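Reviewing the structure listed below.
Every chain is numbered from 1 and lettered A, B, ... according to where its sequence line falls, protein lines coming before strand lines. In what follows, every heavy atom counts, from backbone to side chain, and hydrogens, waters and symmetry copies are set aside. These numbers come from a predicted model, not from an experiment.
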There are 2 protein chains.
Amino acid sequence: MKTIFERHNIKETPARNSILSVLKEAKNPLNYDQIREKMDIEMDKATFYRNIAKFEELGMVHKFEADDRKWYFELSTSVHAHFICDTCHKIICVDVTIGDVEGEVKSIVLKGTCKGCKR
Amino acid sequence: MKTIFERHNIKETPARNSILSVLKEAKNPLNYDQIREKMDIEMDKATFYRNIAKFEELGMVHKFEADDRKWYFELSTSVHAHFICDTCHKIICVDVTIGDVEGEVKSIVLKGTCKGCKR
DNA sequence: CTCCTTGTGCAACTAAGTCGCATTGATAAA
DNA sequence: TTTATCAATGCGACTTAGTTGCACAAGGAG
């Protein structure tokens, strides 16, 4: 059984292990600060961003911008939507079905007021 | 017949007229640079952003982030989706129907590869 | 061991957007 | 008409997430 690193032909390093293990445990997409807080080791932000860029390039990680000028990262899975609440700013993964669209959809971001804040 | 400015209780100024008239003619959401190019007058970016913030606050304009760390603006209309192409970076307004979502959706952003780039 | 590639840390940089402040301009009161 | 008031504008400094250049470290190949 090849490791995820072997499968993608990149070296296994503590930094990469740490980033990936945080993403593996995450229920929702996380930004740099959130990931850093959860990581067991410290690393320079350049190291973080370079590794996440590599992961993305290899298709291991998917990123998108919320409405706070920050990138949010998650492990690549099947295409699903993210609901970003205007009020509490939480990001929630949701399943939606989308009607006909011209092109191949890879990411879906919905914004609005979540159930909890709406009430 | 009240002007749009009277209706929202704000002063009509050349800057505001210029911004709004660009947005009125736009087929798709535009960012600051795109709007500036199309405006008939010049104004400081602070003026632009403050006015657009006011428009947004009054519900006249809707803004969202694409994946390029820029805000895109359009006149508020019914909720519809924006498709952002990974390849050509064009932003296209599309009608979609989305299934059940927990909360009130105000904005929908789809990313992927558009029909033109996909082929 | 030496070469060479790849990963990391540090510090400087980038750029969209924001903010403080002085000035302008229009409206309202005197 | 003059004066007071308040919003709109311009300018320049600032903020901040993310990026880049460069020197150094690590680690495998020959």
Side-chain angles (χ1 to χ4, degrees), chain A residues 2-23 29-58 60-74 84 89 91 109, chain B residues 2-23 29-37 39-58 60-74 84 89 91:
Chain A
K2 284 189 172 181
T3 67
I4 190 168
F5 300 102
E6 288 169 331
R7 252 181 287 138
H8 289 94
N9 258 322
I10 55 172
K11 284 188 198 164
E12 177 170 351
T13 69
R16 289 175 180 169
N17 270 319
S18 193
I19 297 170
L20 280 186
S21 73
V22 170
L23 291 179
L30 303 174
N31 63 35
Y32 167 60
D33 278 318
Q34 295 170 326
I35 294 172
R36 189 177 40 132
E37 280 170 19
K38 291 181 198 289
M39 283 194 297
D40 50 342
I41 60 169
E42 298 207 341
M43 75 187 67
D44 193 77
K45 62 179 176 168
T47 301
F48 171 83
Y49 283 113
R50 279 190 282 236
N51 279 319
I52 217 102
K54 174 132 294 204
F55 293 159
E56 212 215 338
E57 183 191 322
L58 296 171
M60 300 160 64
V61 162
H62 169 237
K63 79 172 186 206
F64 64 95
E65 257 182 310
D67 50 2
D68 56 0
R69 297 183 62 67
K70 290 177 188 165
W71 289 106
Y72 283 78
F73 308 96
E74 67 179 351
I84 305 173
H89 304 104
I91 299 186
V109 176
Chain B
K2 284 188 171 182
T3 68
I4 190 168
F5 299 103
E6 288 169 332
R7 252 181 287 138
H8 288 96
N9 257 321
I10 55 171
K11 286 188 197 163
E12 178 170 352
T13 69
R16 288 176 183 169
N17 271 319
S18 192
I19 296 170
L20 280 187
S21 74
V22 170
L23 291 179
L30 302 176
N31 64 34
Y32 166 60
D33 278 319
Q34 295 169 324
I35 294 172
R36 190 177 41 133
E37 280 171 19
M39 285 194 295
D40 49 343
I41 60 170
E42 297 207 340
M43 76 186 66
D44 194 78
K45 62 180 176 166
T47 302
F48 171 84
Y49 282 113
R50 279 191 283 237
N51 279 319
I52 215 102
K54 174 133 293 206
F55 294 158
E56 212 215 338
E57 182 191 322
L58 296 171
M60 300 159 64
V61 162
H62 171 237
K63 78 173 187 207
F64 64 94
E65 259 182 308
D67 50 2
D68 55 0
R69 297 184 64 67
K70 291 178 188 164
W71 289 106
Y72 282 77
F73 308 96
E74 66 178 351
I84 305 173
H89 304 104
I91 299 188

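Ring geometry for B/F48 against B/Y32 counts as tilted: the plane angle lies between 30° and 60°, on a 0 to 90° scale.
Atoms CG (B/D67) and C1' (C/dA15) sit 16 Å apart, rounded to a whole Å. Distance, A/I52 CD1 to C/dT8 P: 12 Å, rounded to whole Å. Following rounding to the nearest Å, A/I35 (CD1) and D/dA17 (P) show an atom-to-atom distance of 14 Å. In this structure, CD of A/Q34 is placed 12 Å from P of D/dA17, rounded to the nearest angstrom. For the pair A/D68 CG and C/dT18 P, the interatomic distance rounds to 13 Å; values are reported in whole Å. Rounded to an integer number of Å, the gap from B/R69 CZ to C/dG17 C1' is 10 Å. Nucleotide D/dT16 holds its C1' atom 13 Å from the CG atom of A/N31, rounded to whole Å. Here the P atom of nucleotide C/dA16 and the NZ atom of B/K63 are 16 Å apart, to the nearest Å.
Pairs of residues two or more places apart, or lying in two chains, that qualify as salt bridge (charged side-chain N to carboxylate O under 4.0 Å, His left out) and include a residue from residues 31-55 of chain A are A/D33-A/R36.
In terms of phosphate contacts, B/Y49 brings no side-chain nitrogen or oxygen within less than 4.0 Å of OP1 or OP2 of C/dT18.
Residues A/F73 and A/E56 fail the side-chain proximity criterion, which asks for heavy atoms closer than 4.5 Å. Side chains of A/L23 and A/M60 form no contact here, defined as non-hydrogen atoms less than 4.5 Å apart. When side chains are defined from C-beta on, B/L20 counts as touching B/F5, because their heavy atoms get closer than 4.5 Å. Contact annotation: the side chain of A/F55 approaches that of A/R16 to within less than 4.5 Å [non-hydrogen atoms, C-beta and beyond].
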Per-nucleotide protein contact string for nucleotides 5-13 of chain D (B base, S sugar-phosphate only, - none; heavy atom under 4.0 Å): --SSBBB--
